[in-house]
Structures are given as structure tokens and as C-alpha cells.
Amino acid sequence: MRDDDPRLPSSPGFWRSPLRGTWFTSVLGLVLLVGITVLFVTGLVSYAAYNPDLSPVNDQTPGKGILGFYLFSWPTDPHWLYRFTQGLHVTLGITLIPVLLAKLWSVVPRLFALPPARSLAHALERISLLLLVGGGLFEFTTGVLNVQLDYVFPGSFYPLHFYGAWVFFAAFVAHAVLKVPTALRAVRRRQDERDGREQGGRERDGREQGGRERDGREQGGRELGGRELGGRERDGRGQGGREQGGLVTPRPVAPTVSRRGALWFVGGASLLLLATTVGQSIGGALRRTALLAPHGGTDPGAGPNGFQINKTAAYAGIDPRETGAQAWRLVVTGRGGTVRLSRDQLLRMPLHSSALPIACVEGWSTADQWWRGVRLRDLAALVGHDGDPPDLFVESLQRHGAFRRAALRANQVADPRSLLALYVNGEDLSPDHGYPARIIVPAAPGVLNTKWVARLTFGDL
Ligand SMILES: Nc1nc2c(c(=O)[nH]1)N[C@H]1C(S)=C(S)[C@@H](COP(=O)(O)O)O[C@H]1N2
Ligand SMILES: [Mo]
């Protein structure tokens, strides 16, 4: 079996699109360089925002070990912080899907190239490519499935996505170190050519020869308009297919679209995804444009409680009899002892208002809502923590489900905007938004805003 038999994908002649080449791959690669770096950083930040180092219940990736070295105290300012970082993470991730796919398509001949390894160094390079391609597909797939299908990996999305991110990003950095110089050169050279062409006005002539086959060698290094390809070595060393790192086909079929046109197509697909996603993070009237948003189809209704609902009371198994005035008591514990408070007793405490959003890990968020309730630090003071409140462990009436408990950090408890909310937008909380009482904390991820709160324990986490 010869590796130049064009019937086999391992042969450069098997891949015949004239679009492939260093310039096309480089443009996509540079977009991904920036985009994936932002995804990695916002992803790590999202993980830190859960306070996983604070309490086992927040720690969705218990075996992370040194990968959690960077964890830090999530701030409470600006109050839209998580709304921004996670909206960016999810929206950007979805928007980059066409770029990722186009990039993989543009280098697919290299992925099939044989022999699998010519040397130890080559073997290592190909293993890193496997981690890169596999890791990239894995991260994008798990991310999209989690957002769209609502926790298809029960309890295990976080470790998968988190470990996957580290593996993927390590391979990504290695790849970038090797390829960025080439990519920058390819893109810059293309700019030189464009400048030269404008001056010389030689575009017309060049174009007439475009796509016409003179010999395989020349063709390999040629672009549709007959212009020289970005990655073509100036000194003319090597053959078309080789000098391009095997990207340029030695047997091009007639082009149906220019490289530039193909890029516009990829960019257009990205913009379409962006336009049908971003509304979920902006909210307001734009919510309705978020056709791809996971909860895009459900209408939260109108009125004060008419903003997005994640899990309904029915879904969480909250029995209305447990939340009534007779049955429900908030149990607050601290170093000074335990108090049990009815909703009426809470309403007689000093009430405060805060304008804060709900921002879910899935990327959607609400505009600021007006919450009214008792400050968490006032509740801490009630059970012996005056002045300097400690960490807080919150438990819901809910009996099953990952988000029925959460731990808040001392800085979150101390913030005067952090409330045990009883009202929203001037009305009692609706059952679905957590009646009789829920947590709301500035800048925090939605998971920390526990609904149907039953018990607060200050200190000793
Ligand atoms: N008890 C309980 N509280 C919870 C949840 C839950 O499943 N159970 N989900 C959390 C998540 S993931 C989010 S994004 C917010 C959503 O709040 P909302 O439904 O009022 O918009 O509630 C949080 N509080
Ligand atoms: Mo959420």
C-alpha cells in the first residue's frame, strides 16, 4: 500500500479542496488562540466562583488536587461579575463552534498522514495533536450538552469539563508555541501581498490564470486568484503540498468559493450563533432572540416574578404544605446558639433592598431584580456573630438534587447587599423563585442562590 494512493485519506491527493492552505488555517488558528484562551480563563474563574475550596458541598471536583492551586475568594463586586464572566464563557464557546470545525476541517489531511510517527519527536507531536483535537471536541461537546440538555452527566459534568480543560489547554499551549510564529508570518505575508497588489494593479492578470493547472507543483502553492499563497516559502523550497505542512492539496478540484468567501461563511455561521445565543445573557426584550438558549422556550410569565426560573418548586419536590405560615420555620445556628424564626418574625426584622441578577452557570442571566429581605449579616449577629460574620452553610427544604445546599464565604455574608430575600420586585417570592425565603448574593453564580431555605448555619464549615 503506497501512502500516495489518492484513494486513501492518508494520501495528500485524497483531500482535494483548493481552500486548504497555511493562510486559511492560520486565520482560524489565530481566532481560536484568542478565543480559547478567554474560554479557559473564564472557565477557571467560573469554577472558583463556586467556592469549591470552602466546603465539600460546593466542590464538584473533589479529586482536583493541585489543579485547584489558583482558587481564590470570589469577590462581591461588581455585582454583575459572574453574569459577565459566565455569559462570556458560554456565548463565546457557542460562537466559536464554526471556527473550531472549520479549523479541524482545514487540517484534516494532516490528522490522517502516515506513517503515524517518523521519529520520537514526531510521535510526541502527534500525541499532543490527539489531545488537542480530542480535548477540543470533548470540551465543546460537554459544554454544549450541559447547557442544552440540562445536566446530562449527573453530578459528573464539573470534573469532566474541568479535567478536560486542563488537558486540552496544555496541548493547546504546546501547539500554539509551535505554530503561532508560522501563523503570524502567513497572515502578515498575505497583507504584504495585498499592499503590493494594490500598488501594482496586477490583480486582473493574476486572476485570469487562477485555478488553471500548470503543473501540480505550482498549483499546490497557488491561491484561487492566482495569487501566491500566504504560507509559500519565499525561497521556493520544496513542493506545494510539503512546504505547507501537507495542507495544500496536490490535486485541487475547481474552486467553488474563494478562501475569503469561505472565511466569511464561517464568520457568518458564528455570528448567527452569537445572535441567537447572546440574548439570554443580556435579558430584557433581547431574551426572545435567544432561540438557542436552553430555557428560551419557557415563558416565565409576566409580573414581578416574571423572570427566568431554573428549577420549579414542583420539580424540586417542594410541598406547598411545608412552606405555609404554620409549618415553615427558618432554623439559624451560630456560636451563640439556635433560633427558629417564622416568616412573620423575619418580616419584623430590619428589611433591606438590593438590585441583583440571577446568573446561571448555563450562561443565561436575568437583569437586576429588586430583592427585599433580611441581611445575612444581621442573621449572623442574631446568633452570636457580631461585626465580623463567618462563612455560612445554607440548606433548602429540598430533599434531593445537587443544588439544595451551598456554602457562602465570609466576604459574601458580610456584604450588605447579601440577603435572605422574602420579596422580589415588590411582591412575595413566587413558589418557583423560592418562597418563603431564598438567598441572593452579589456577583455569585446562581447555584449559590439557594431557594426554599430551611436552615442557616454560621461558622464551623
Ligand atoms: N433549592 C434549590 N435552590 C436553587 C436551585 C436548586 O436546584 N434548588 N438552583 C440554583 C440555580 S442553578 C440557579 S441558576 C438559581 C435560579 O434561580 P431562579 O429559578 O429563581 O431564577 O437558583 C438556584 N437555587
Ligand atoms: Mo444555575
Side-chain angles (χ1 to χ4, degrees), residues 46-47 49-52 57-58 60 80-83 85-87 89-90 143 146-152 154-155 157-158 161 280-281 283 287 290 293-296 298-301 303-319 322-323 328 330 354 356-373 392-408 412 418-425 427-456:
S46 173
Y47 190 67
Y50 282 70
N51 295 333
V57 295
N58 290 10
Q60 309 276 341
W80 42 261
L81 182 61
Y82 191 76
R83 195 176 176 211
T85 61
Q86 194 60 8
H89 184 74
V90 172
N146 187 57
V147 166
Q148 289 297 334
L149 302 182
D150 211 14
Y151 320 120
V152 268
F157 167 75
Y158 293 87
H161 204 64
Q280 67 167 338
S281 310
R287 256 210 68 73
H295 302 281
T298 37
D299 181 5
N305 275 280
F307 59 97
Q308 211 157 328
I309 296 158
N310 187 349
K311 299 282 159 55
T312 62
Y315 181 95
I318 303 298
D319 185 334
E322 314 171 87
T323 60
W328 187 80
L330 177 73
S354 328
L356 297 172
I358 299 277
C360 183
V361 64
E362 295 166 359
W364 61 263
S365 56
T366 71
D368 291 354
Q369 311 295 325
W370 277 96
W371 307 93
R372 192 163 172 77
L392 167 61
F393 185 53
V394 182
E395 292 166 276
S396 170
L397 284 173
Q398 192 183 342
R399 278 166 208 87
H400 307 283
F403 303 136
R404 68 186 196 280
R405 302 178 297 184
L408 299 175
Q412 293 170 319
S418 298
L419 302 177
L420 180 74
L422 304 163
Y423 299 114
V424 66
N425 301 321
E427 203 174 71
D428 277 346
L429 291 172
S430 69
D432 289 340
H433 283 304
Y435 184 89
R438 79 173 299 167
I439 298 289
I440 187 82
V441 172
V447 264
L448 299 183
N449 295 325
T450 311
K451 303 196 275 192
W452 315 292
V453 171
R455 188 183 287 269
L456 300 177

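Both ligands and their constituent atoms are indexed starting at 1 by order of listing. These numbers come from the heavy atoms of this one structure, side chains and all, not from hydrogens, waters or symmetry mates.
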Answer yes or no: is there a donor N or O on one side and an acceptor on the other, between the side chain of [X] and the main chain of [Y], under 3.5 Å?
| X | Y | answer |
| --- | --- | --- |
| Asn51 | Leu408 | no |
| Ser396 | Gln398 | yes |
| Trp328 | Ala454 | no |
| Arg404 | Arg399 | yes |

(message) List the residues meeting ring pair (Phe, Tyr, Trp, His ring centres under 6.0 Å) with Tyr82, not counting sequence neighbours, and say none if there are none.
(response) none
Numbering the atoms of ligand 1 from 1, which are under 4.0 Å from a heavy atom of [X]?
| X | answer |
| --- | --- |
| Trp364 | 14 (S), 21 (O) |
| Trp452 | 1 (N), 2 (C), 8 (N) |
| Ile309 | 19 (O), 21 (O) |
| Arg438 | 15 (C), 17 (O), 18 (P), 20 (O), 22 (O) |
| Ser396 | 1 (N) |
| Cys360 | 14 (S) |
| Asn449 | 22 (O), 23 (C), 24 (N) |

(request) Show your working on ring pair (Phe, Tyr, Trp, His ring centres under 6.0 Å) between Trp371 and Phe307 and close with a plain yes or no. (result) CA-CA 13 Å; Trp371 307 93; Phe307 59 97; 5.7 Å; yes
(message) Under 4.0 Å, counting heavy atoms only: does Tyr315 come that close to any atom of ligand 1?
(response) no
Geometric N/O contact [X] with ligand 1, under 3.5 angstrom:
| X | answer |
| --- | --- |
| Gln308 | yes |
| Arg404 | no |
| Gln398 | yes |

(message) Measuring only between side-chain heavy atoms, which start at C-beta, is Tyr315 closer than 4.5 Å to Ile309?
(response) no
Which pairs would a plain distance check flag for residues 437-450, meaning a side-chain donor or acceptor within less than 3.5 Å of a matching protein atom at least two apart in sequence or in another chain?
| from | atom 1 | to | atom 2 | distance (Å) |
| --- | --- | --- | --- | --- |
| Arg438 | NH1 | His433 | O | 3.2 |
| Arg438 | NH2 | Asn449 | O | 3.0 |
| Asn449 | OD1 | Val441 | N | 3.2 |

(request) Check each of Asn310, Asn305, Leu429 against atom 16 (C) of ligand 1 and report the one with the nearest heavy atom. (result) Asn310
